[in-house]
Amino acid sequence: MPSLQDLNYLGIPYDKIIQKWWELYNDGQTPVKSNRDVLTFELAVNLRHIAGFDRETLDKVIPCYDGFPHDQKMKCIDSALSEKRTQMPKRLRDVLTELKKEILRNDNASTWISTGSDNDNILSALEEAEQEDELFYYKRIPQSALPQGIAESIKATGAKMAMPVLAVTCPAIGALATDVKVLIHGKETKLNMHSFVVGDAASCKGDLDSVVDAWMVEETMKNTIYYQQEEEFRAKKKAAKNAKSQPDEPHLPVRFLTMNNTVANLAERLANTDGKHAFSFTPEADTVAQKWRSSMSDFSTMLRQSYDGSRYDREAKSADATTVHIDHLLWNVCMCGTPDALYRVINNYTDGLLSRFIIAHTPDNTFAPLEDKPNLMTDKLRDRIQQIAHLLPLMQGTLNLPKLEERSRQWVEKVRREALKDDDRVMARARLRDHGTAMRMATCLILCAVAEKLIKQHGLSGAEKQLKMRPQLTAEMAAKMQTPAMLDAYEVMAESLIDNDMLYFREKLENANQNTGLSSDRKRGGKNDRIYDRLSDTFTFEQAMGAKGSGCTHNSVRQMLKNWRKQGLIKQVDEGRYQKITNG
């Protein structure tokens with residue numbers, strides 16, 4: 001059997017990685033008897049990502065700390081391997097980044113790199129592995145669940161941008177298919193969605209501009225005509241400034257709205273869309289943060305009401321001021337910006353705005369080499385996207401998608417149990433809207449699949465004719481598009497939504513809710529760090545309290561254990577001692 005020093009990840013010995021792990025996360029100390037169960041599990045659940053999720057490899061590279069019995073260590077490893085697979089956890093990325101810095105600085109790196117490796121090879125391999133990890137969600141989505149329009153949008157930006165592409169295309173599709181509703185838990189729901197794509201400077205956020213332009217080309221052409229008519233009105237009004245007869249002001253249904261606007265102007269535009277969706281996209285969310293700085297509360301209210309499709313009223317005393325009454329506010333909004341811009345736009349974490357957002361992030365390209373052949377929006381890709389976009393406004397009806405509904409319910413229950421095992425109220429709360437948003441996104445993919453099939457069968461003009469002649473055609477065909485691949489795509493999108501909620505807002509939500517009983521003292525970026533799984537098969541009340549984290553109260557631990565007993569996860573064997581009765 002090879003020694004620990006001989007085992008390596010891309011030329012970096014595992015023992016060096018583990019050493020750096022303890023330096024960063026345990027003050028350089030290895031586990032001792034009182035904490036070896038918890039810390040071995042934490043190490044294994046992270047290390048599995050660079051050990052091929054292989055039980056034997058983890059057994060070889062993770063020592064039995066402080067006399068840890070081998071069978072007990074393997075229970076920790078098995079528990080870690082049973083956790084849901086995610087992207088590489090942030091803490092492990094940070095460990096590899098620190099080792100990368102040592103290699104770049106040549107801080108005695110030559111004394112520990114594996115035989116046959118050199119600095120350049122290791123750095124290149126690490127960068128390649130990091131870029132491969134960015135494909136995590138894309139690889140999980142079956143290709144057959146990416147219909148015409150969606151597939152071309154991803155091809156124009158690259159597979160690593162798949163989730164940001166879905167984040168901006170689904171709200172655009174929902175706005176174009178304005179006469180379509182979907183049944184979610186028995187309630188008819190329009191395809192109302194908002195999204196925010198997060199990315200550092202020069203992280204390819206700008207690549208999304210061409211995608212949105214391709215989907216909204218017909219609305220852009222209409223806007224050009226409307227703006228010209230408004231200019232003509234202004235010219236006539238200026239010429240008739242002192243005349244008794246004034247030209248009538250046109251109320252034009254502009255639906256592709258700029259975000260560089262005031263509350264009053266936007267409200268007026270939204271009132272003039274003839275009951276159809278409006279859509280807004282900005283590649284720079286700072287525009288919103290600056291323009292609406294003193295009106296962020298109004299902005300948040302409008303976004304929340306538009307997600308729900310609820311009534312929106314705005315009154316003013318002055319006859320010249322804007323007064324609007326909208327029965328159902330329909331406005332889908334997409335923004336791109338840095339993490340700082342995200343927190344300036346969503347600055348209240350408990351008013352419900354966050355839970356109504358699709359959050360995606362661009363891949364980390366900090367150390368990525370410049371691509372020889374970058375992905376570009378070609379005329380052919382643009383034309384295929386526009387074919388689908390042209391048919392969406394012709395679709396109508398209420399879609400009944402029972403298979404999608406059932407998969408959604410299964411996902412909600414799975415996340416509920418995951419959250420329950422970690423007493424994770426933040427995650428449990430996030431799932432309550434994320435599943436509905438993911439259902440709306442999946443419905444958008446289904447509509448594209450319907451359009452694609454019609455085009456293949458009848459051609460573009462024939463598909464247009466079919467949709468106009470048969471109002472129920474969309475609903476009939478959509479029901480047949482609930483394939484296993486499409487249901488799998490739903491789950492990937494739902495997982496992405498909740499993972500990004502936790503990544504960007506877990507700590508802020510916990511801090512904001514400290515006084516409402518929703519706080520959790522343990523900070524995590526993912527869902528693979530459960531209190532339940534960190535505990536031994538038999539454990540005491542004190543051990544559960546230690547696993548929950550410093551600062552927790554006896555009452556919060558009692559409530560957690562009470563919830564576990566109620567759900568059949570544990571039983572009490574005697575005073576202060578508990579035993580797991582399921583691995584569910």
Do the side chains of [X] and [Y] get close enough for a salt bridge, i.e. N-O under 4.0 angstrom?
X	Y	value
K75	D71	no
E188	K181	yes
D54	R48	no
R409	E413	no
E491	R407	yes
E495	K414	yes
E406	K403	no
R93	E134	yes
D424	R506	yes

Between [X] and [Y], a side-chain donor and acceptor under 3.5 Å:
X	Y	result
D37	Q72	yes
N348	T350	yes
S408	Y490	yes
D351	S300	yes
S306	H194	yes
N332	Y307	no

For [X], does the [atom1] atom have more than 12 heavy-atom neighbours from other residues, nucleotides or ligands under 6.0 Å away?
X	atom1	result
D574	CG	yes
H70	NE2	yes
E575	CD	no

For residues [X] and [Y], determine if any side-chain heavy atom of one lies less than 4.5 Å from a side-chain heavy atom of the other.
X	Y	result
L39	W22	yes
V198	Y504	yes
M560	R565	no
M502	M427	yes
V345	M335	yes
L183	T398	yes
V168	V197	yes
L509	D501	no

N/O donor-acceptor pair under 3.5 Å between [X] side chain and [Y] backbone:
X	Y	value
K205	D200	yes
R431	I498	no
K190	V180	no
R36	D66	yes
D133	A129	no
E405	H185	yes

Minimum heavy-atom separation for [X] and [Y], please, with both atom names.
X	Y	answer
L401	Q482	C-OE1, 2.9 Å
H49	L92	CB-CD2, 4.0 Å
N46	R91	ND2-NH2, 4.0 Å
A360	N500	CA-ND2, 3.9 Å
L208	C336	CD1-SG, 3.9 Å
I358	M441	CD1-SD, 3.7 Å

Give a yes or no on whether the ring-centroid distance for [X] and [Y] is below 6.0 angstrom.
X	Y	value
H328	Y312	no
Y343	F505	yes
W21	Y14	no

Working to the nearest 0.5 Å, report the span between [atom1] of [X] and [atom2] of [Y].
X	Y	atom1	atom2	result
L569	Q579	CG	CD	13.0 Å
K571	T538	NZ	OG1	9.0 Å
C76	E42	SG	CD	10.5 Å
S195	I359	OG	CD1	10.0 Å

Under the side-chain hydrogen bond (donor to acceptor under 3.5 Å, both in side chains) test against R356, which residue among T437, D308, D434 passes? D308
Give the intermediate values and the outcome of side chain to side chain contact (heavy atoms under 4.5 Å, CB included) for residues T40 and I62. CA-CA 8 Å; T40 297; I62 298 178; 4.1 Å; yes
Let's go through Q559 and N563 carefully: what are the C-alpha distance in whole Å and the side-chain angles of both, what is the deciding distance for side-chain hydrogen bond (donor to acceptor under 3.5 Å, both in side chains) to 0.1 Å, and is it a yes or a no? CA-CA 6 Å; Q559 184 61 48; N563 290 338; 3.1 Å; yes
Here's one to test your reading of the geometry: is the NZ or CZ of R577 within 45 degrees of the ring axis of F541 and under 6.0 Å from its centre? no
Could you check whether K580 makes a cation-pi contact with Y532, meaning its NZ or CZ is under 6.0 Å from the centre of the six-membered ring and within 45° of the ring axis? yes
Can you check side-chain hydrogen bond (donor to acceptor under 3.5 Å, both in side chains) on E507 and Y349, steps first, answer last? CA-CA 10 Å; E507 186 170 349; Y349 314 120; over 6 Å; no
Stepwise side chain to side chain contact (heavy atoms under 4.5 Å, CB included) check, M193 with C444: CA-CA 11 Å; M193 286 167 278; C444 291; 3.4 Å; yes
Go through Q567 and R416 one step at a time and tell me if the side-chain hydrogen bond (donor to acceptor under 3.5 Å, both in side chains) criterion holds. CA-CA 11 Å; Q567 293 298 318; R416 185 187 74 84; 3.0 Å; yes
Using the rule given for side chain to side chain contact (heavy atoms under 4.5 Å, CB included), can you reason through I150 versus I173, listing the C-alpha separation, both sets of side-chain angles and the distance that settles it, and then say yes or no? CA-CA 10 Å; I150 299 293; I173 292 166; 3.7 Å; yes
Could you walk me through whether I531 and K421 pass the side chain to side chain contact (heavy atoms under 4.5 Å, CB included) check? CA-CA 6 Å; I531 296 173; K421 288 181 177 181; over 6 Å; no
